[in-house]
2 protein chains.
Amino acid sequence: MREALTAAATHRVARPAPLRQAVYDALIELIISGSLTPGQHLVEAELAEHLGVSRQPVREALQRLQTDGWVDLRPAQGAFVHSPTEEEAAQLLGVRSVLETYSARLAAGNAKPEDVERLWELQEEGVGALAAGDVERLVTANTALHSFITSIAANAVLAELISQVSRKVRWYYTPIAKPRGKDAWNEHAQLIKAIAKGDAERAGEIMRKHTERTGDYRKAVAAGATALS
Amino acid sequence: MREALTAAATHRVARPAPLRQAVYDALIELIISGSLTPGQHLVEAELAEHLGVSRQPVREALQRLQTDGWVDLRPAQGAFVHSPTEEEAAQLLGVRSVLETYSARLAAGNAKPEDVERLWELQEEGVGALAAGDVERLVTANTALHSFITSIAANAVLAELISQVSRKVRWYYTPIAKPRGKDAWNEHAQLIKAIAKGDAERAGEIMRKHTERTGDYRKAVAAGATALS
DNA sequence: CCGCAGCATTCTGTATGCAGAAGTTTGTAT
DNA sequence: ATACAAACTTCTGCATACAGAATGCTGCGG
């Protein structure tokens, strides 16, 4: 297991990545995959043995996992896998929406012709995946499109926050993660047009509605709605 | 302080805070106060001795400081105080602006009469401090007003992000931290009126302009402008 | 049968020890 | 004098050790 961890880490960074980084990644994987369930008490010694390292790198990984919102660290009690609540999920969606809206506004102000071209390529990819019914490709394309818009926005602080928030949103909704489909990609097309025109106001407005609808949709699915539109 | 912001922590028993928390706070204080200058190499052993603890809590505090953006952690080299750039400062101001704007919108939708009453009290305090020329009181009142609005917004995720971003903004501009004065508090009054009416749209708009002006003002001061209006 | 006090166990939080990497200095040869 | 290399000096990263808190268990008394 130790070999697996170090091997997984080596291709990441030029410098030898610390063990704690590998542990951090491994634990997130375990949480996302459901091997560690919300509320579960994480005993350092057990994790250490399971991963073939000492408690030290495990502790340091847990620290980061806390500040990133994956686990709760209760003093003198240890780490517990974070239990997402409906309320918190709703709050996350709201925050993500305003951040993405800002991202779209900035992108509209910055986008160069080649950026727009790339956006259309990603749009094509998404529409293609939609037509093929390839859900995994669809999700990938959606993520790529949004994060490319963020990169056009050229605001590292914003990008970091969106990344953090989005990852948690994804986790909360993992069990019901169904892409919205056609409507969403029509909205993407409108968004790209606005960005191409440099119309920040309109780009922001479209993104705001887009993300709010995604939130509503996910809530609906959570409440029992089926299928994808 | 961070705990106080999360709703979950409110009804939790006060437990002895781990040393690493104290170290974390102490290091931020040292960074903000300028005792530790940007780019400086932080040697764990030195910090440990200076703070009277072992290297262990120091290490764990540095981990968190990294994910919160206060230090950079280079593998096998250790921690370096993060060097803020003009660009990053501008990005922070932008992000803070959209977050505060969202906060104002939410507050307008949630505010109860007693909340509005409290807001007017804080407003009085600020105006009083302004008249008395008491800068410290003015800053305190300003912070209190903004954070009370955030608490009315009742979004823990948002509150956490605003807290993080604001603290860094304060750090970047510490050397030139001069409050804007009369104009800012006129804007506050307008803002409270909008919140009282439950006019989210208007409250958001006022806050957006308010925070953008604060950013502009600070930039102007940074560029050499004097005094407070 | 239930409640509670005291003890045992378990786990965290902190300290210390140790091996290896990174940076620095010194010495040597050209 | 300069370039290069090897030893040296740090410092990090990980492992191990130990003290104290929190939880659970046991046994006694009601």
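Bear in mind the structure is a predicted one, so any value in this text is a computation, not a measurement.
Applying the ring-ring contact (aromatic ring centres under 6.0 Å, His included) criterion to H50(B), with sequence neighbours excluded, gives no partner residue. Remark: R208(B) engages S97(B), T101(B), E205(B), E212(B) in a side-chain contact (heavy atoms from CB on, under 4.5 Å) (not counting sequence neighbours).
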Sugar-phosphate means primed atoms, P, OP1 and OP2; the rest is base. With that split, encode nucleotides 11-17 of chain C 5' to 3' as B, S or - using protein heavy atoms under 4.0 Å.
-> SBBBBBB
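Every pair passing ring-ring contact (aromatic ring centres under 6.0 Å, His included) that includes a residue from residues 64-95 of chain B is listed here, sequence neighbours excluded: H41(B)-F80(B), W70(B)-W171(B). The salt bridge (Lys or Arg N to Asp or Glu O under 4.0 Å) contacts involving residues 107-116 of chain B comprise nothing, where partners must be two or more places apart or lie in separate chains. Sorted by first and then second residue, the ring-ring contact (aromatic ring centres under 6.0 Å, His included) pairs with a member in residues 144-168 of chain B read H146(B)-H188(B), H146(B)-H210(B); sequence neighbours excluded.
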